[in-house]
Amino acid sequence: MTYENLQLLIDGEWRAGSEGVSEPVLNPATEEVIGQVPHASTADLDAALAASGTGFAIWRRTPPAERQKVMEAAARLLEERFERIARNLTMEMGKPVGEARQELEFAINILRWYAEEGKRAYGRQIPARIPGVRQIAFKEPVGPALAFVAWNFPAVNVMRKVAGALGAGCSLIIKPSEETPATAVAIGRALTDAGLPAGVLNIVFGVPAEVSEHLLASPIPRKLSFTGSVAVGKHLQKLAAATLKHCTMELGGHAPVMVFDDADISKAARIAAGGKFRNAGQVCISPTRFLVQDSAYDTFTEVFLEEVAKIEVGNGLEDGVTMGPLVASRRLEVMDRLVQDAVDQGATLMAGGARIGNQGSFYAPTVLGEVPATAAIMNDEPFGPLAPISRFSTLNDAVEEANRLPFGLSAYAFTSNRKTSVALTNDVASGLLAINSLLVSSPETPFGGVLDSGYGSEGGIEGLDAFLQTRFVTETDF
Ligand code: NAD
């Protein structure tokens with residue numbers, strides 16, 4: 001099978017870095033080198049900045065219906081190339097190919113949704129207090145944009161930025177993760193092959209801190225959209241402040257899952273286990289702190305463990321595999337440390353807790369019971385296949401624990417009591433809350449966090465708005 005030919009996209013041209021520097025891309029299931037991702041030199045980054053300026057001048061004046069044609073043509077090309085892109089995504093990131101297909105389908109839906117929604121960036125006429133005055137507020141694309149994104153959803157993380165920016169009429173320079181470059185390159189190729197004008201989309205790779213420092217220092221980009229960890233998000237926001245760029249920050253989370261004893265406990269446990277081990281837990285909205293009401297604890301844990309026993313860990317390209325490796329071997333040590341710390345603090349290891357084999361970054365699906373709130377895993381985002389389960393007694397206890405951390409991305413609850421769901425809606429501090437499911441993400445709904453999980457939304461009309469700015473004009477009869 002052929003992996004993507006990895007290149008930079010600058011000013012409509014696919015090419016290598018001008019200084020010939022590159023780094024290897026590894027398949028985390030086999031540890032084989034599958035490609036070389038080129039690094040952009042400072043001159044390449046400057047060329048991308050200039051191109052994003054000229055690209056913006058073209059794209060902002062392209063009528064939304066014309067933009068839609070290009071985006072729709074790209075969506076069709078992605079569908080034609082679907083299987084190859086999905087398999088490459090699995091090779092570079094590790095997730096089972098079935099999940100890669102779902103992710104790519106979701107990404108294509110996002111592209112189509114913003115292609116359509118770009119036609120509805122409405123303004124409004126506001127009645128004036130003075131006769132003979134017309135007042136109009138209107139929206140326009142904010143300017144060339146910059147995006148840096150994490151590796152865990154190589155298609156969706158990239159597409160949320162690309163589709164939002166292009167739908168709104170912005171140009172974009174994106175630096176996808178160097179660990180998962182092929183999917184981003186495939187998305188870029190579909191767009192350039194579909195006729196996207198030169199400079200509208202630019203794709204660069206390199207040493208992340210160096211690339212971001214250089215690009216953020218430039219006054220050309222007017223917007224930064226970042227998906228990644230809290231620490232890096234805060235750092236990038238400081239860099240963006242020097243040129244007062246608009247920011248959208250999609251950062252980490254530590255999602256509580258509150259299971260109340262009035263819910264269907266077995267069903268809740270099956271849904272929770274299914275969600276936890278998707279993408280080996282490397283999901284910003286992964287259900288992470290399992291909080292179960294006292295009388296439901298034993299049933300929940302038993303069914304959860306039955307589900308975990310069914311998980312087939314292996315190379316995501318093989319049939320029957322339901323959980324792949326972690327993205328890279330560096331993550332194995334983090335998992336071991338979190339498990340050991342929880343056990344040291346009195347938690348019970350009920351499943352997993354160790355690496356599988358000695359080739360590929362496979363970690364066993366892990367379940368820890370009776371985990372105290374002081375354990376590191378209850379405080380630091382694990383970003384892996386670890387499920388800590390704890391007890392609570394009352395609704396207030398559950399809400400208090402849910403709100404204890406500075407994160408506020410997603411939260412989940414299972415209950416059949418309407419009063420409980422209303423209380424949770426009012427009192428849980430999270431950008432996303434799902435009651436009786438784990439469903440918080442679709443192309444047409446806003447997606448984003450509060451508190452340290454960031455601000456601003458991707459998805460829905462809010463995701464288009466993130467790339468627009470409002471202006472106001474009055475015209476007086478003279
Ligand atoms: P990270 O912040 O270290 O890296 C994320 C991405 O940013 C990577 O592509 C990395 O190369 C890049 N990056 C790192 N330092 C950078 C810098 N100084 N300048 C520019 N780019 C830089 O995070 P990670 O550990 O690789 O990814 C996982 C984190 O991302 C988790 O915290 C997860 O919750 C978060 N995440 C959030 C969302 C969301 O939508 N809220 C989605 C996916 C992942």
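Order of appearance sets the numbers: ligands from 1, and atoms from 1 within every ligand.
- Every atom of ligand 1 is numbered from 1 in the order shown, and the set under 4.0 Å from a heavy atom of S212 is 17 (C), 18 (N), 19 (N), 20 (C).
- For atom 33 (C) of ligand 1, the closest non-hydrogen atom of the protein is F383 CE1, 3.2 Å.
- The option from G448, G228, P208 that lies nearest to atom 13 (N) of ligand 1, judged by heavy atoms, is P208.
- The closest side-chain donor-acceptor pair between D341 and Q345 falls under 3.5 angstrom.
- Where the criterion is an N or O separation shorter than 3.5 Å, residue side chain and backbone included, H235 fails it with respect to ligand 1.
- The protein does not reach atom 4 (O) of ligand 1 closely, with no heavy atom under 4.0 angstrom from it.
- Two rings, from F383 and W151, have their centers less than 6.0 Å apart.
- A donor-acceptor contact closer than 3.5 angstrom is absent between the side chains of T415 and S421.
- In this structure, K95 satisfies the cation-pi test against F153, with its NZ or CZ atom closer than 6.0 Å to the six-membered ring centre and inside 45 degrees of the ring normal.
- Between the choices V232, L251, V283, the shortest heavy-atom distance to atom 16 (C) of ligand 1 belongs to V232.
- The protein heavy atom nearest to atom 40 (O) of ligand 1 is E250 CB, 3.3 Å.
- Put simply, no part of E179 is less than 4.0 Å from ligand 1, judged by heavy atoms.
- Side-chain polar atoms of E23 and H39 form a donor-acceptor pair below 3.5 angstrom.
- Residue contacts with ligand 1: S229 is placed with a nitrogen or oxygen under 3.5 Å of a nitrogen or oxygen of the ligand (distance criterion only).
- Side-chain atoms of K223 come within 3.5 Å of backbone N or O of A466 as a donor-acceptor pair.
- At under 3.5 Å, not a single nitrogen or oxygen of F447, backbone or side chain, sits near a nitrogen or oxygen of ligand 1.
- Between E381 and ligand 1, a contact under 3.5 Å exists for at least one N or O pair.
- Between H254 and F407, the angle of the ring planes lies from 30° to 60°, which puts this pair in the tilted group.
- In summary, the atoms of ligand 1 found under 4.0 Å from a heavy atom of E178, numbered by their order in the structure, are 11 (O).
- Taking distance alone, with nitrogen or oxygen atoms compared against 3.5 Å, V230 stays at or beyond that limit from ligand 1.
- Remark: the backbone N or O of G360 is paired with a side-chain donor or acceptor of R355 at under 3.5 angstrom.
- Atoms of ligand 1 found under 4.0 Å from any heavy atom of N152, numbered from 1 in the order shown, are 43 (C), 44 (C).
- Ligand 1 lies within reach of F226, whose nearest heavy atom is under 4.0 Å from it.
- The closest protein non-hydrogen atom to atom 18 (N) of ligand 1 is A209 CA, 3.4 Å.
- The residue E458 has no part lying near ligand 1, judged by heavy-atom distances below 4.0 Å.
- Remark: the E462 side chain and the S457 side chain contain no N/O donor-acceptor pair separated by less than 3.5 Å.
- In terms of protein heavy-atom proximity, atom 38 (C) of ligand 1 is nearest to C284 SG, 3.0 Å.
- Taking a cut-off of under 4.0 Å to the non-hydrogen atoms of L409, the atoms of ligand 1 that pass are 41 (N).
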May I have the step-by-step check of salt bridge (charged side-chain N to carboxylate O under 4.0 Å, His left out) for R330 and E179, ending in yes or no?
CA-CA 12 Å; R330 67 185 149 81; E179 287 176 316; 2.5 Å; yes

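- Sequence neighbours left out, the pairs with a member in residues 378-389 that pass side-chain hydrogen bond (donor to acceptor under 3.5 Å, both in side chains) are N379-R404.
- The protein heavy-atom contact nearest to atom 8 (C) of ligand 1 is V149 O, 3.6 Å.
- A donor-acceptor pair shorter than 3.5 Å cannot be found between the side chains of R160 and T248.
- Of the N or O atoms in W151, one or more lie within a sub-3.5 Å distance of an N or O in ligand 1.
- Within the 4.0 Å heavy-atom shell around ligand 1 one does not find E213.
- Scanning for side-chain contact (heavy atoms from CB on, under 4.5 Å) contacts around V450 gives an empty result, with sequence neighbours left out.
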